[in-house]
Amino acid sequence: MRCSLRVCVGVTGVCGVLLLGLGIGAIFLFDSLLHDQIKKNEVIKKGSYLYDQWSDIPVPIFMQFWVWDLLNPEEVLQGEKPAVRQKGPYTYSERVVKANITFHNNGTVSYLQPRTFTFLRNMSVGPENDTFTSLNIPLITIAELIQNERDIVKDVVSVVERLAQETLFMKLTVGGLVWGYNDSLLMDVNKLVPGLLPSTEFGLFMGRKINGTDGVYSVFTGEDDVTKVNIIDTWDGQKSVNYWSDDPYCSMINGTDGNFFPPFITKDMKAALFSTDICRSVEGEFIRESSVRGIPTYRYEAPERLFQSGDINPANKCYCQNQKCLPSGLLNISICKEGAPVIMSSPHFYLGDQSLIDSIIGMHPDAEQHKVYFEVEPLSGILLAAGKRLQANIYVKKIGHIQQTGNVREMFYPVLWLNESTLIDPVNADKFKSQVTNNIKLMYGVEYALIAVGCVLLIMFIILFVKYRKKQSSTVLGTSEERTSLLNGDTVQ
């Protein structure tokens, strides 16, 4: 049954306005429902979607190491530049399962975060017992520890050095440098000067292997305020670290533990995390919209100012020690690593002062390979991909009481660099899509469909209305002409 033009115009207009209103209303309704659903699931409590992801991280994590093999040790002792080549990666899978989970009445939960590492030969260039030439770090460490001790202690160490036939450079295995080995020099010194050293073993990541954890975290559960979920309240019972000066900027424990972030992230927000590897908090800056396995993300990167010298960036002045700031690109963490003269940087001194790159033959910084980044799904705050790249360096100089330092030049010697990375696997990506992304797309699809259909009907209404008005005008005009004709005819008669 065909409707009259007038009825069609009315029905089309009413339907268009109705559907457009429903579409606009759906935006607010669905967004409210979405936020309510996220608030319900994105909290740390047993039974929530987030709890399982938080307590037992399901996505694969890899720890990769590249060691620096010294090619010219004899020349370096004579004052020449070190020439190095990187060997790697040596890859380990990393398993993170939280332990000692305890909920508290103040809206926080505390836990340990033990990590276990499994060597992956198929993802490595060689076995863990691959050897290379590196710095004798225990020798340098002892020299640093006794700088202000009595001369007699320095003489004892010098004797121990000769007895143990120590050299400034030595052959090491990859596994030994990373996870630890019994060092003869440390054992001899420990016998002669009991209590001077914390251990007779040495390894850059020995603590992770032995203890498996990096402290007690206490974070907000998000039940009181979902925008604070996983934000650190205290670490090892402290609200700030005591490594640096009293400056609140350097000492703050800010952000999350880096496993995931609070929901509802916006582009103007900084994604903050606390890293025990460098004993400080880090703020990632929004770079661009991106995607990981088809899931929309925000990409964040560590800014250049992270390791910028305090002489250039006044905010970093509090990281300078003994009133002396290091060149840009370096962070002295010896204060929080039991006195070992460890200096952190980005791999290959990326974003560091050019003098650092020039001081070592073999440095080739590259942004894509050496920057720190992470990809976050903004509505849920779930971390989908990340790459934490750091390089461990040792401050080296000629030391009078340590004969084997020879005529070595003052430098920051690179020992190894690492990439701790994660990328959500296809199975968990599909699971995330089915539980989060696809539902969001469906809701947005309904919203846009209602708005689109409403707009189409309104356009049709306008077209039909114009057509109806033209027809009305034609009818009125025709009637007027007939009347005029009739009147003229009457006059003629």
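Computed over heavy atoms, backbone and side chain alike; hydrogens, waters and symmetry mates excluded. Note that the structure is a prediction, hence the values are computed from the model and not measured.
- A salt bridge (charged side-chain N to carboxylate O under 4.0 Å, His left out) check over residues 317-327, counting only residues at least two apart or in different chains, returns the pairs D311-K317.
- The salt bridge (charged side-chain N to carboxylate O under 4.0 Å, His left out) analysis of residues 273-287, with sequence neighbours excluded, yields the pairs R208-D277, D277-K388, E283-R305, E285-R305.
- Partners of Y90 by ring-ring contact (aromatic ring centres under 6.0 Å, His included), not counting sequence neighbours: none found.
- Residues passing the ring-ring contact (aromatic ring centres under 6.0 Å, His included) test with Y298, sequence neighbours excluded: F286.
- Scored by the ring-ring contact (aromatic ring centres under 6.0 Å, His included) test, F119 finds Y92 as partners (sequence neighbours excluded).
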List, one per line, each side-chain donor-acceptor pair under 3.5 Å for residues 250-259, sequence neighbours excluded.
residue: S251; atom: OG; partner: S245; partner atom: O; Å: 2.9
residue: S251; atom: OG; partner: D247; partner atom: O; Å: 3.2
residue: T256; atom: OG1; partner: G258; partner atom: N; Å: 2.9
residue: T256; atom: OG1; partner: F260; partner atom: O; Å: 3.3
residue: D257; atom: OD1; partner: N230; partner atom: ND2; Å: 3.1
residue: D257; atom: OD1; partner: N259; partner atom: N; Å: 3.0
residue: D257; atom: OD2; partner: Y111; partner atom: OH; Å: 2.6
residue: D257; atom: OD2; partner: N259; partner atom: ND2; Å: 3.2
residue: N259; atom: ND2; partner: Q113; partner atom: OE1; Å: 2.6

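- In this structure R95 satisfies the salt bridge (charged side-chain N to carboxylate O under 4.0 Å, His left out) test together with D56, sequence neighbours excluded.
- Listed by chain and residue number, D233 satisfy the salt bridge (charged side-chain N to carboxylate O under 4.0 Å, His left out) test with K239 (two or more places apart in sequence, or in another chain).
- With ring centers used as reference points, F261 lies under 6.0 Å from F374.
- Looking at residues two or more places apart in sequence or on another chain, you find no ring-ring contact (aromatic ring centres under 6.0 Å, His included) involving F202.
- Less than 6.0 angstrom separates the ring centroid of F65 from the ring centroid of F205.
- Sorted by first and then second residue, the side chain to side chain donor-acceptor pair (under 3.5 Å) pairs with a member in residues 362-374 read E301-K371; sequence neighbours excluded.
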Start with the C-alpha distance between Y350 and F307, add both sets of side-chain angles, then the distance that settles side-chain contact (heavy atoms from CB on, under 4.5 Å), and finish with yes or no.
-> CA-CA 10 Å; Y350 169 67; F307 292 145; over 6 Å; no

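- Residue pairs meeting the salt bridge (charged side-chain N to carboxylate O under 4.0 Å, His left out) criterion with at least one member in residues 258-269, sequence neighbours excluded, are K267-E289.
- In this structure, the side chain of N316 engages the main chain of Q308 through a donor-acceptor pair within 3.5 Å.
- Considering only residues two or more places apart in sequence or on other chains, D69 meets the salt bridge (charged side-chain N to carboxylate O under 4.0 Å, His left out) condition with R85.
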